[in-house]
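Treat the numbers as computed from the prediction; the structure is a model and nothing was measured. Residue numbers start at 1 and run along the sequence shown.
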Amino acid sequence: MIVVDTVQALRSARGNLAEPLGLVPTMGFLHAGHMALVDAARAQNATVAVSIFVNPKQFGPNEDFATYPRDLDRDLAMLRQAGVDLVFVPSVEEMYPADFSTTVDVGPIGEVLEGARRPGHFRGVATVVARLFGLFQPQRAYFGQKDAQQCVVVKRLVADLGLPLEIVVVPTVREPDGLAMSSRNVYLNPKERVAARVLSASLRLAEQHFRDGERDAETLRRLVRETVSREPLVRLDYVSVADASTLAELEVVDRPALVSMAAWVGRARLIDNILL
Ligand code: AMP
């Protein structure tokens with residue numbers, strides 16, 4: 001496994017890799033969710049590359065950039081074990097040199113849901129992803145359904161700019177009790193960890209009601225709100241039932257829909273979603 005931390009070293013290593021190349025962008029502190037992306041990339045490409053970069057541009061001023069969990073040695077051991085070929089671990093200065101000035105803005109789909117609560121978040125995501133695509137020139141890139149809006153944003157970016165790669169979305173990997181795996185789950189104390197089950201449980205309940213014929217979006221939102229409100233350690237930020245491709249809120253679930261939510265559990269802000 002080749003590990004590089006400069007753009008120059010990345011370019012020369014990239015030149016020697018067999019095609020097609022699958023890229024898995026991450027912020028590190030890897031878990032089984034990330035490894036599912038790596039496994040999907042391994043299965044579909046001759047070469048697998050992973051980037052590990054905690055991207056300051058996608059964090060707000062009062063968010064957890066400084067305290068975001070990091071463990072590079074453990075991450076590299078996991079990636080080596082999984083048969084990854086190339087890992088890029090740039091510093092902030094390497095990713096964003098002093099004269100860096102471009103911002104990629106995908107417009108309204110980046111301004112609802114997570115984008116409404118985290119202003120500028122998806123500009124940060126789109127900017128770093130566009131740069132990674134330029135540096136790696138992968139044939140495929142892998143993203144998790146866990147970050148559903150990120151998948152919509154990245155697909156929009158690729159379609160609008162005509163970038164020559166395929167975006168592959170991998171299903172959310174969950175803990176046995178349903179909690180979506182996340183690097184931020186380490187922020188939870190044992191009681192909060194138990195309480196956090198209510199996120200996925202409330203989504204599963206909404207899915208069950210949908211299967212039983214419920215089509216009124218507000219009824220499904222209310223169901224999630226009421227379920228979460230019974231868990232005192234969890235404070236719901238929002239729940240949305242939206243068109244899965246435009247992210248516009250629905251009144252009636254008469255097309256593919258994304259039920260998404262964010263909630264505070266202690267100091268952790270967790271997100272989860274399901275597709276209907
Ligand atoms: P992050 O390191 O949190 O930026 O995540 C890197 C990639 O892994 C993103 O595409 C995430 O959507 C994906 N990912 C994170 N958690 C999960 C999960 N539980 N299941 C599937 N993919 C995930």
I'd like to know if Arg225 and Glu218 make a salt bridge, using a cut-off of under 4.0 Å between side-chain N and carboxylate O. yes
Answer yes or no on whether Arg215 is positioned over the face of Phe210, meaning its NZ or CZ is under 6.0 Å from the six-membered ring centre and within 45° of the axis. yes
Does Asp272 pair with Lys146 as a salt bridge, N-O distance under 4.0 Å? no
Examine distances only and state if a side-chain atom of Arg221 and a backbone atom of Val241 form a donor-acceptor pair shorter than 3.5 Å. yes
Taking Glu207 first and then Arg204, would you say they form a salt bridge - that is, a charged N and a carboxylate O separated by under 4.0 Å? no
Looking at every non-hydrogen atom in both residues, tell me the closest pair between Ala268 and Tyr187 and how far apart they are. CB-CB, 3.8 Å
Parallel, tilted or perpendicular: rings of His34 and His31 (30°, 60°): tilted
Would you say that more than 12 heavy atoms from the other residues, nucleotides or ligands in this model lie under 6.0 Å from the CD of Gln81, or not? no
Contacts satisfying side-chain hydrogen bond (donor to acceptor under 3.5 Å, both in side chains) that involve residues 9-28 (not counting sequence neighbours) are Arg14-Glu19, Glu19-Gln139
Which residue pairs pass the salt bridge (Lys or Arg N to Asp or Glu O under 4.0 Å) test when at least one of the two sits in residues 191-203, sequence neighbours left out? Asp177-Arg193
Can you see whether Tyr68 engages Asn55 through a side-chain donor-acceptor pair at a distance of less than 3.5 angstrom? no
State, to 0.1 Å, how close Ala206 and Leu220 come at their nearest heavy-atom pair, and which atoms those are. O-CD2, 3.6 Å
Quick one: does Asp243's side chain have a donor or acceptor within less than 3.5 Å of a partner on Thr246's backbone? yes
Looking only at heavy atoms, the pair that brings Ala141 and Phe133 closest together is CB-CE2, 3.5 Å
Checking Tyr238 against Glu114: is there a side-chain donor and acceptor pair closer than 3.5 Å? yes
Decide side chain to side chain contact (heavy atoms under 4.5 Å, CB included) for Leu86 and Thr47; before the verdict, give the C-alpha distance in whole Å, the side-chain angles of both, and the deciding distance to 0.1 Å. CA-CA 8 Å; Leu86 174 64; Thr47 305; 5.6 Å; no
Using a 3.5 Å distance criterion without hydrogens, assess whether the side chain of Gln149 forms a donor-acceptor pair with backbone atoms of Ile109. yes
Identify the two heavy atoms, one from Phe29 and one from Asp75, that lie closest to each other, and give their separation to 0.1 Å. N-OD2, 2.9 Å
Any sub-3.5 Å donor-acceptor pair from Thr227's side-chain atoms to Ser202's backbone N or O? no
Donor-acceptor pair, Asp105 side chain versus Arg123 backbone, under 3.5 Å? no
Derivation of the salt bridge (Lys or Arg N to Asp or Glu O under 4.0 Å) call for Arg184 and Asp64: CA-CA 10 Å; Arg184 290 188 169 103; Asp64 56 346; 2.8 Å; yes
All salt bridge (charged side-chain N to carboxylate O under 4.0 Å, His left out) counterparts of Arg230, not counting sequence neighbours: none
Asn273 side chain to Gln145 backbone, donor-acceptor under 3.5 Å: yes
